[in-house]
Amino acid sequence: MTAATEAVGDRPAPPPEDLDRPRRGGPRPWRSRLYRWDVRFSPYAFVAPFFLFFSAFGVFPLLYTGWASLHRVELYAPDQLEWVGLHNYARLLGDDFFWNALRNTFTIGVLSTVPQLLMALGLAHLLHYRLRAASFWRVALLTPYATSVAAATLVFVLLYGRDYGMVNWALGAVGVGPVDWQSSAWSSQIAVSSIVIWRWTGYNALIYLAAMQAVPDELYESAALDGASRAQQFRYVTVPALRPTILFTVVVSTIGATQLFGEPLLFGGAGGQKGGASHQFQTLGLYLYEQGWFNFHLGRASAVAWTMFLILLLIGAVNLLIARGLRKTR
């Protein structure tokens with residue numbers, strides 16, 4: 001008996017060619033195709049808004065800035081571009097103010113990054129152990145990061161005031177004369193660096209704390225059984241385990257120092273774009289701002305922006321080489 005003549009009850013079985021046909025009430029072919037399209041293309045639809053906004057506000061400005069850096073273009077006539085090739089870059093390398101801004105950026109970066117990360121590492125080590133009201137201290141550490149740059153800088157301007165500032169009052173209490181914090185290079189750069197330190201130390205401390213909590217407790221227990229003190233555990237267990245995280249914070253802090261803008265601008269007051277009367281604390285960000293929006297040279301400002309971008313790429317390459325070296329030493 002074949003399948004075509006086999007009966008179920010009194011009804012004959014359908015022929016073999018009818019077995020592939022969709023039954024009434026079953027899934028439709030167009031619904032199956034719609035489901036496959038949904039599974040295949042829905043993820044791209046969900047991430048498409050990000051790429052659209054990133055292209056409009058990230059990629060396009062970057063490419064247009066690179067194109068403008070090869071032209072002579074002024075702020076009062078941004079649609080009139082005159083091709084000059086690499087002239088803006090050549091003029092930039094011959095400008096003493098550019099090298100002064102680069103030197104100031106490096107100095108402020110070192111003065112702010114090194115103490116900031118050392119303090120963050122120490123605070124994270126303290127919070128890693130049991131403390132009363134640990135959640136309160138963690139929130140308190142993050143409060144400076146959540147504070148507005150403008151508000152924080154204006155408060156520090158009052159603290160560093162020459163005549164009535166609290167810092168000079170404290171120095172006078174120990175017999176040190178008042179300091180004009182904005183007049184000299186070192187004092188102004190130390191003042192600007194202290195603002196950066198205050199804002200970012202807690203943020204980096206929480207990053208270190210999260211990394212410390214991922215270190216297995218067995219390592220600390222083994223070190224304690226070997227007679228290691230808490231300081232020795234920190235040196236020989238915590239710090240080696242945090243090397244990738246420390247490298248990450250160093251790179252991010254260096255990038256932030258290269259792009260430093262708000263703190264020195266507000267610290268300088270009305271002429272903040274110059275970084276002081278003698279450009280003593282003018283950073284690359286302020287130099288770019290001065291060239292584009294005060295001297296009206298958008299082409300030169302674009303060249304400064306791309307130079308900063310190349311510096312950041314160099315920092316990223318160094319980070320990659322160091323990260324590979326750390327992986328090989330494990």
Please tell me if the side chains of [X] and [Y] come closer than 4.5 Å, counting only heavy atoms from C-beta onward.
X: Arg138; Y: Leu209; result: yes
X: Tyr160; Y: Asp180; result: no
X: Glu82; Y: His71; result: no
X: Leu117; Y: Ile246; result: no
X: Trp200; Y: Ser253; result: no
X: Trp99; Y: Leu93; result: yes
X: Tyr164; Y: Trp169; result: no
X: Thr307; Y: Phe98; result: yes

So among Ile108, Val114, Thr107, which one has a side-chain contact (heavy atoms from CB on, under 4.5 Å) with Leu111? Thr107
Residues 222-232 side chain polar contacts: donor-acceptor under 3.5 Å, at least two apart:
residue: Ser222; atom: OG; partner: Glu218; partner atom: O; Å: 2.9
residue: Ser229; atom: OG; partner: Gln232; partner atom: N; Å: 3.3
residue: Gln232; atom: OE1; partner: Ser229; partner atom: N; Å: 3.0

Ring geometry between [Y] and [X] (parallel below 30°, tilted from 30 to 60°, perpendicular above 60°):
X: Trp83; Y: Trp67; answer: tilted
X: Phe309; Y: Trp306; answer: perpendicular
X: Phe97; Y: His279; answer: tilted

Provide the closest heavy-atom pair for [X] versus [Y] in the form atom of the first, atom of the second, distance.
X: Asn168; Y: Gly161; answer: ND2-O, 3.1 Å
X: Val73; Y: Ala68; answer: CG1-O, 4.2 Å
X: Pro115; Y: Val110; answer: CD-O, 3.7 Å
X: Ala45; Y: Pro49; answer: O-CD, 3.3 Å
X: Gly292; Y: Leu298; answer: O-CD2, 3.8 Å
X: Ser69; Y: Ala303; answer: CB-N, 3.6 Å

Do [X] and [Y] meet the criterion of a side-chain donor-acceptor pair at a distance under 3.5 Å?
X: Gln189; Y: Asn104; value: yes
X: Thr238; Y: Tyr220; value: yes
X: Tyr145; Y: Thr201; value: no
X: His297; Y: Glu74; value: yes
X: Asn100; Y: Gln282; value: no

Checking the side chain of [X] only, and the main-chain atoms of [Y] only, is there a donor and an acceptor separated by less than 3.5 Å?
X: Ser278; Y: Gln280; answer: no
X: Ser187; Y: Trp181; answer: yes
X: Gln291; Y: Tyr287; answer: no
X: Thr143; Y: Val139; answer: yes
X: Thr283; Y: Leu260; answer: yes
X: Ser112; Y: Val196; answer: no
X: Asn204; Y: Leu121; answer: no

Are [X] and [Y] connected, step by step, through hydrophobic side chains (Ile, Leu, Val, Met, Phe, Trp, Tyr) whose heavy atoms are closer than 4.5 Å?
X: Val192; Y: Val149; result: no
X: Leu159; Y: Phe267; result: yes
X: Val155; Y: Val167; result: yes
X: Phe294; Y: Leu265; result: yes
X: Leu321; Y: Leu247; result: no

Would you compute the distance between atom [atom1] of [X] and atom [atom2] of [Y] and round it to the nearest 0.5 angstrom?
X: Met212; Y: Leu206; atom1: CE; atom2: CG; answer: 11.5 Å
X: Glu290; Y: Leu288; atom1: CD; atom2: CG; answer: 10.5 Å
X: Leu126; Y: His128; atom1: CG; atom2: NE2; answer: 11.5 Å
X: Thr249; Y: Tyr203; atom1: OG1; atom2: OH; answer: 10.0 Å
X: Thr105; Y: Ile311; atom1: OG1; atom2: CD1; answer: 8.0 Å
X: Thr258; Y: Leu102; atom1: OG1; atom2: CG; answer: 9.0 Å

Is the count of non-hydrogen atoms from other residues, nucleotides or ligands lying under 6.0 Å from Tyr89 atom OH greater than 12? yes
If you count every heavy atom of other residues, nucleotides or ligands that lies below 6.0 Å from Trp198 atom CH2, does the total exceed 12? yes
Given the rule in the side-chain contact (heavy atoms from CB on, under 4.5 Å) test, do Leu86 and Leu70 qualify, once you have shown the distances and angles that lead to the verdict? CA-CA 6 Å; Leu86 298 177; Leu70 303 176; 3.9 Å; yes
Begin from the C-alpha positions of Ser55 and Phe60 and carry the test side-chain contact (heavy atoms from CB on, under 4.5 Å) through to its verdict. CA-CA 6 Å; Ser55 300; Phe60 173 74; over 6 Å; no
Given Arg72 and Leu81, is the side-chain contact (heavy atoms from CB on, under 4.5 Å) satisfied, shown in steps? CA-CA 6 Å; Arg72 179 180 290 110; Leu81 282 73; over 6 Å; no
For side-chain contact (heavy atoms from CB on, under 4.5 Å), just list the numbers for Val304 and Asn88, CA-CA rounded to whole Å, side-chain angles, deciding distance to a tenth of an Å, and then say yes or no. CA-CA 9 Å; Val304 177; Asn88 288 327; over 6 Å; no
Let me see the working for Thr245 and Tyr208 under side-chain hydrogen bond (donor to acceptor under 3.5 Å, both in side chains), right down to the final yes or no. CA-CA 7 Å; Thr245 307; Tyr208 288 150; over 6 Å; no
